[in-house]
Amino acid sequence: MVAAQVAAGKLALAAAQEQVQDVHSDPRWAAIKWTIYRGIAYDITSFIPRHPGGEWLVNLAVGRDCTALFESYHLRHDIALQAFGKLPQLADFPVHAVARAPYPGDSKLYSDIKQRVRKEVFEGREARGWHRQGAELAAAAVLSFAVASYVLYARYTGWLAGLVLGIAGGWIGVTIQHCGNHGAMSTTPLINNLLGLCNDLIGGASLMWRYHHQVSHHIHTNDQELDEDVCSCYPLLRFDTRLPRRAWHAWQHLYIWVAYPFMHLAFQLGDFNSLLQGRTVGAELLGASTLEKASVLLGKAAHYALLLAVPALLHGIPAALAGAAGYSISLSIVLAVVFFVSHNMPENKPNLTGADETKKVLYTPLTERDWGVQQVLASANWGGVVGNFFTGGLNLQVEHHLFPAISFVHYPAIARIVAEECAAAGVHYVHHPTLGSVLRRFVTCLKELGSAPDDTAAAAALKAKAA
Ligand code: HEM
């Protein structure tokens with residue numbers, strides 16, 4: 001559990017969520033599944049099983065303001081909007097008691113980009129679901145590599161086979177589970193759901209991932225109060241000067257390499273804790289079904305059966321433990337390297353030199369903030385089509401954040417439009433040439449963050465807000 005020092009950010013987060021809690025404990029609303037879109041509450045109970053993108057995705061909208069999710073997930077926003085017209089409105093609902101979400105549709109930058117993407121990249125073919133097609137070969141390659149690695153692991157259980165299996169697990173983690181859970185791998189919701197569940201097989205929990213990643217991180221990228229990724233490694237690592245500095249942070253750019261391999265283990269503790277608490281750090285599991293909750297336990301059972309029980313039966317416990325350790329290390333390193341470079345460059349952080357634009361947008365109150373500009377400034381790209389194939393599009397992080405429900409194979413074409421629109425709007429678009437260059441920059445940034453003074457003004461503002 002994070003130390004008391006991080007409480008300022010989390011208190012504010014909890015305060016925002018307590019408001020939601022009040023509405024939830026009100027018996028008038030507890031019996032229905034409601035959501036809020038642009039200030040109007042709707043009863044979506046009967047719509048959930050009919051949602052064209054899948055029940056497990058629309059569940060994320062339950063019990064909260066879904067405007068940001070809704071406007072960032074539907075490329076054919078106009079078509080999706082028509083569904084709201086047919087849903088029952090809840091006239092007496094206390095909309096103002098619920099934390100307001102950002103409104104991506106109000107961002108001129110985002111609207112201009114979206115319009116051009118539809119016109120120039122998909123040319124109307126989005127009506128046939130083109131934006132969610134094209135990654136089939138990549139998915140087949142990832143799954144084939146994973147199956148071959150597992151056969152190798154089961155036959156020659158040990159640390160080396162574990163390392164190879166961990167790389168396969170990491171590849172699943174960044175590609176098919178990630179895109180599947182975003183609803184971006186296929187036009188068939190069941191396929192996306194099944195690919196998303198691969199997260200559980202590799203040692204995560206797709207349910208927790210969706211709440212943590214989609215509800216907290218994607219909507220509020222690099223917001224210290226609302227993006228759980230900003231403080232999830234704290235106090236071990238300090239990714240933001242709005243978090244209090246501790247003596248050990250001065251060496252974080254060195255010891256991070258020793259801490260990385262424990263990420264897989266940290267997931268396990270976090271997933272069980274979230275299941276018990278009914279929430280991840282940044283989001284309550286308000287719409288999660290019983291089956292979704294059961295999938296966390298079933299997934300853990302399947303993961304440990306494959307990783308430990310089967311090899312232990314075949315080759316004994318010491319070999320299985322060595323294999324699991326190898327797996328843990330390489331899986332964690334692959335995931336950590338890809339994730340950490342995505343939003344932790346100096347330009348993406350509000351308090352480092354040269355990040356004035358980022359500071360401005362992240363310190364603007366949420367209701368007045370330009371969501372599209374925030375996503376661009378808080379994300380970093382690197383590499384090109386090769387990186388795109390191996391990371392499921394996570395190397396083009398800016399495009400991924402603007403269009404999480406579009407298949408990653410389209411990101412290179414979208415990137416050209418995003419870069420042009422950002423240049424026209426004067427918004428800094430971060431693109432590093434290679435993974436090596438972005439990693440070097442990440443280490444420099446980590447060193448700077450480890451010794452930079454606390455942003456006391458931001459901390460005081462947070463404290464005042466929490467009080
Ligand atoms: C309660 C509010 C929602 C309504 C009324 C709604 C409505 C719709 C409709 C009508 C479509 C078909 C769109 C089309 O054919 O282009 C759709 C597709 C989809 N929805 Fe939703 N949706 C809601 C919430 C969500 C949420 C919260 C998510 C994600 C977190 C989501 C993700 C998707 C995805 C991935 C698709 C397929 C995307 C596509 O074909 O462009 N929806 N939704």
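Indexing begins at 1, ligand by ligand and atom by atom, following the structure's order.
Of the protein's heavy atoms, Leu57 O, 4.1 Å lies nearest to atom 26 (C) of ligand 1.
Proximity annotation for atom 9 (C) of ligand 1: of Pro404, Ala405, Gly129, Pro52, Pro52 comes nearest, heavy atoms only. When Trp130, Phe403, Tyr73 are checked for heavy-atom proximity to atom 29 (C) of ligand 1, Tyr73 turns out nearest. Nearest residue to atom 27 (C) of ligand 1 from Ala61, Ala184, Gly54 is Ala61 (criterion: closest heavy atom).
Aromatic ring centroids of Phe70 and Tyr37 lie under 6.0 Å apart.
Taking a 4.0 Å cut-off on heavy atoms, His131 registers as neighbouring ligand 1. Close to ligand 1: Phe47, with a non-hydrogen atom less than 4.0 angstrom away. Not a single heavy atom of Arg210 sits closer than 4.0 Å to an atom of ligand 1.
Both the sub-6.0 Å distance and the 45° axial angle are satisfied by Arg100 relative to the ring of Tyr103.
Considering backbone and side-chain N/O of His74, one or more are found under 3.5 Å from N/O of ligand 1. Residue-to-ligand polar distances keep Thr35 apart from ligand 1: every N/O pair is separated by 3.5 Å or more.
With Gln177 contributing its side chain and Gly173 its backbone, the two residues share a donor-acceptor pair below 3.5 Å.
Contacts between Gln82 and ligand 1, counted as non-hydrogen atom pairs separated by less than 4.0 Å, are absent for every part of the residue. Within the 4.0 Å heavy-atom criterion, the part of Arg132 lying near ligand 1 is the side chain and not the backbone.
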